[in-house]
*Asks:* 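There's a structure below that I have some questions on.
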Amino acid sequence: MTMDLTFLGTGSAYPSPHRGASAVVLRTEGECWLFDCGEGTQTQLMKSQLKASRITNVFISHLHGDHLFGLPGLLCTVSLNLNPCSTQPPACVNIYGPQGLRQFLRVALELTSSELIFPYTVHELEPTTDQSPPEGQLSPEVTADSGRLHPQERPGRMIALDVSSDCYILLENKHFIVKAFRLFHRVPSFGFSVQEQDRPGRLKTELLKELGLKPGPLYGRLKAGESVTLESGQVVNPIEVMEEAIPGRKVCILGDCSSILGEGPLMACHRADILVHEATLSDEHREKAVDHGHSTPSMAAAVAQACCARRLVLYHFSQRYKPAGLHKEGDDDDVLELRRQAEKALQGTGIEVSLAEDFLTIRIPIVRLH
């Protein structure tokens, strides 16, 4: 199964000619998962090689506009471009995000008389009071569920923090486990961990031939984890004739934050293949960054090191930092300095550092154990 990560927007606060507002797509076979949906995301999708109609899951890190304003418009555009006469019913789009997201989407769609030709479901995460200053916490009157569904809305879950893992369990199937974890920002913010399930190792075909087992249905049963009995009566267990399991890949994407909360983020992001972390301002502006609930490169590096991540990707840059290809000699605020600061903080750790730019695609290969 191929897997890659495409950055549609890497700027903070608002979209500019150089950087779109926050939006990242994780693509696997046949599906696209969207993380945040800032204003203009649908335009960025049209400029990319991705197909908006393939989006099956949306994850919103927090309720600031530069991560959310694009969602109602994107859903409407996807609906307009679907074939209403298709014999196959459209799939339900699952949307995950902080408490209040359900009401935001209902009001936006209702006030604009927007109807969709596919169903959607909003699953809300219950924040804790330590995720933001008191003034950043929405009142129950604002986030309360009216119970009146949009015509295309299906009932969603209210997801509470799982105390044992210090995470929110969003979905689990035979391919992936997706968790959310708490971050500190000016409003409650979350990060997301996508863990691919481990794959069975390869069969030791030479050993199977020595046992007199020829390729066929019994191979499939062993791969499926079943024991088989030979004509001699000998029972062959899968563990005896299979190589080690192939570890699943892990991608972690953090929303805006000035710090992580609890042990959940460290456990969920442990040994991530890719850790995507904001670096809104350079280390020289650390005080200003923290005051606004944001991080600097060295702060992002500290999280990557604590998680033992393999690769750190910085994004969500202040619009003062133009992409490297547009930087001119004499310009202030060189975005390459942000990478240098993170690399300096991670010197000797072996963790690779990259700068995200709009439309950058990073392939995530399978790492086999030797």
Side-chain angles (χ1 to χ4, degrees), residues 1-6 23-37 50-63 67-68 71 74-75 78 89-102 105 116 118-128 145 149 152-183 188-199 247-255 262 264-276 307 364 366:
M1 182 185 293
T2 60
M3 182 184 291
D4 58 46
L5 200 63
T6 297
V24 183
V25 172
L26 177 66
R27 180 171 57 174
T28 62
E29 291 290 336
E31 289 190 29
C32 291
W33 294 4
L34 176 64
F35 294 82
D36 285 333
C37 189
L50 304 170
K51 294 183 178 180
S53 60
R54 294 287 181 89
I55 295 174
T56 56
N57 290 301
V58 178
F59 303 89
I60 301 297
S61 64
H62 63 292
L63 299 183
H67 295 254
L68 178 61
L71 183 57
L74 174 63
L75 295 178
V78 170
C92 182
V93 175
N94 285 284
I95 304 169
Y96 300 84
Q99 197 168 2
L101 178 59
R102 184 178 294 134
L105 201 51
L116 310 173
F118 58 85
Y120 77 89
T121 302
V122 178
H123 307 286
E124 291 190 329
L125 284 62
E126 293 183 358
T128 57
D145 188 344
L149 300 179
Q152 282 75 48
E153 183 182 358
R154 302 294 180 265
R157 294 181 290 147
M158 182 63 71
I159 307 174
L161 181 69
D162 177 63
V163 179
S164 62
S165 64
D166 194 26
C167 288
Y168 300 78
I169 312 302
L170 305 189
L171 66 89
E172 184 172 357
N173 55 36
K174 64 180 182 180
H175 296 303
F176 296 100
I177 301 173
V178 183
K179 299 178 181 179
F181 45 85
R182 299 173 300 146
L183 306 173
S189 184
F190 296 89
F192 302 98
S193 167
V194 179
Q195 171 69 66
E196 185 183 31
Q197 301 278 22
D198 292 349
R199 289 181 175 78
R249 292 160 286 188
K250 183 185 290 188
V251 177
C252 299
I253 302 172
L254 279 66
L266 298 180
M267 293 188 290
C269 299
H270 182 65
R271 295 200 61 78
D273 293 275
I274 302 283
L275 179 75
V276 180
C307 295
I364 307 163
I366 294 172

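What you are looking at is a predicted structure, and each value in this text was computed from that prediction instead of being measured.
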*Asks:* Does any N or O in the side chain of E124 come within less than 3.5 Å of the main-chain N or O of L101, such that one atom is a donor and the other an acceptor?
*Replies:*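 Between the backbone of L101 and the side chain of E124 there is a qualifying donor-acceptor contact (under 3.5 Å).
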
*Asks:* NZ of K179: more than 12 outside heavy atoms within 6.0 angstrom?
*Replies:*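 It does not: K179 NZ has 12 such atoms or fewer within range.
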
*Asks:* Would you say that F176 contacts L26 through its side chain, given a criterion of any heavy-atom pair below 4.5 Å between the two side chains?
*Replies:*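 Not touching, per the 4.5 Å side-chain cut-off.
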
*Asks:* Is F190 close to Y168 at the side-chain level, that is, under 4.5 Å between some pair of heavy atoms?
*Replies:*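 Counting from C-beta outward, Y168 and F190 do come under 4.5 Å.
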
*Asks:* Ignoring hydrogens and angles, tell me if any N or O in the side chain of E31 forms a donor-acceptor pair with the backbone of T56 under 3.5 Å.
*Replies:*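 Looks like no, no N/O pair under 3.5 Å.
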
*Asks:* Taking the side chain from K250 and the backbone from S193, do they hold a donor-acceptor pair closer than 3.5 Å?
*Replies:*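 Checked: no pair found.
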
*Asks:* Would you check if the side chain of R27 reaches a backbone N or O of L50 as a donor-acceptor pair within less than 3.5 Å?
*Replies:*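 Not at all, since once roles are kept as given, no pair shorter than 3.5 Å links the two residues.
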
*Asks:* Does some side-chain heavy atom of L125 sit less than 4.5 Å from a side-chain heavy atom of P98?
*Replies:*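 They are not in contact (no side-chain heavy atoms under 4.5 Å apart), so the answer is no.
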
*Asks:* Is there side-chain contact between Y120 and E153, with heavy atoms separated by less than 4.5 Å?
*Replies:*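 Yes; the side chains approach each other to less than 4.5 Å.
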
*Asks:* Taking G248's backbone N and O only, do any of them form a donor-acceptor pair with D198's side chain (distance below 3.5 Å, no angle check)?
*Replies:*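 Indeed, once roles are kept as given, a pair shorter than 3.5 Å links the two residues.
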
*Asks:* Nearest 0.5 Å, please: how far is CD in Q197 from CG in N173?
*Replies:*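 Reported to 0.5 Å precision, the distance equals 7.0 Å.
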
*Asks:* Between the main-chain N or O of V122 and the side-chain N or O of R102, is there a donor-acceptor pair closer than 3.5 Å?
*Replies:*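 The answer is yes, because a donor-acceptor pair under 3.5 Å joins these two groups.
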
*Asks:* Any side-chain heavy atom of T121 within less than 4.5 Å of one from V93?
*Replies:*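 A side-chain contact is absent here, since even the closest heavy-atom pair is not under 4.5 Å.
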
*Asks:* What orientation do F59 and F192 show, parallel under 30°, tilted 30 to 60°, or perpendicular over 60°?
*Replies:*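 The rings of F59 and F192 sit tilted, inter-plane angle from 30° to 60°.
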
*Asks:* Walk me through whether L254 and F181 qualify under side chain to side chain contact (heavy atoms under 4.5 Å, CB included).
*Replies:* CA-CA 9 Å; L254 279 66; F181 45 85; 3.8 Å; yes

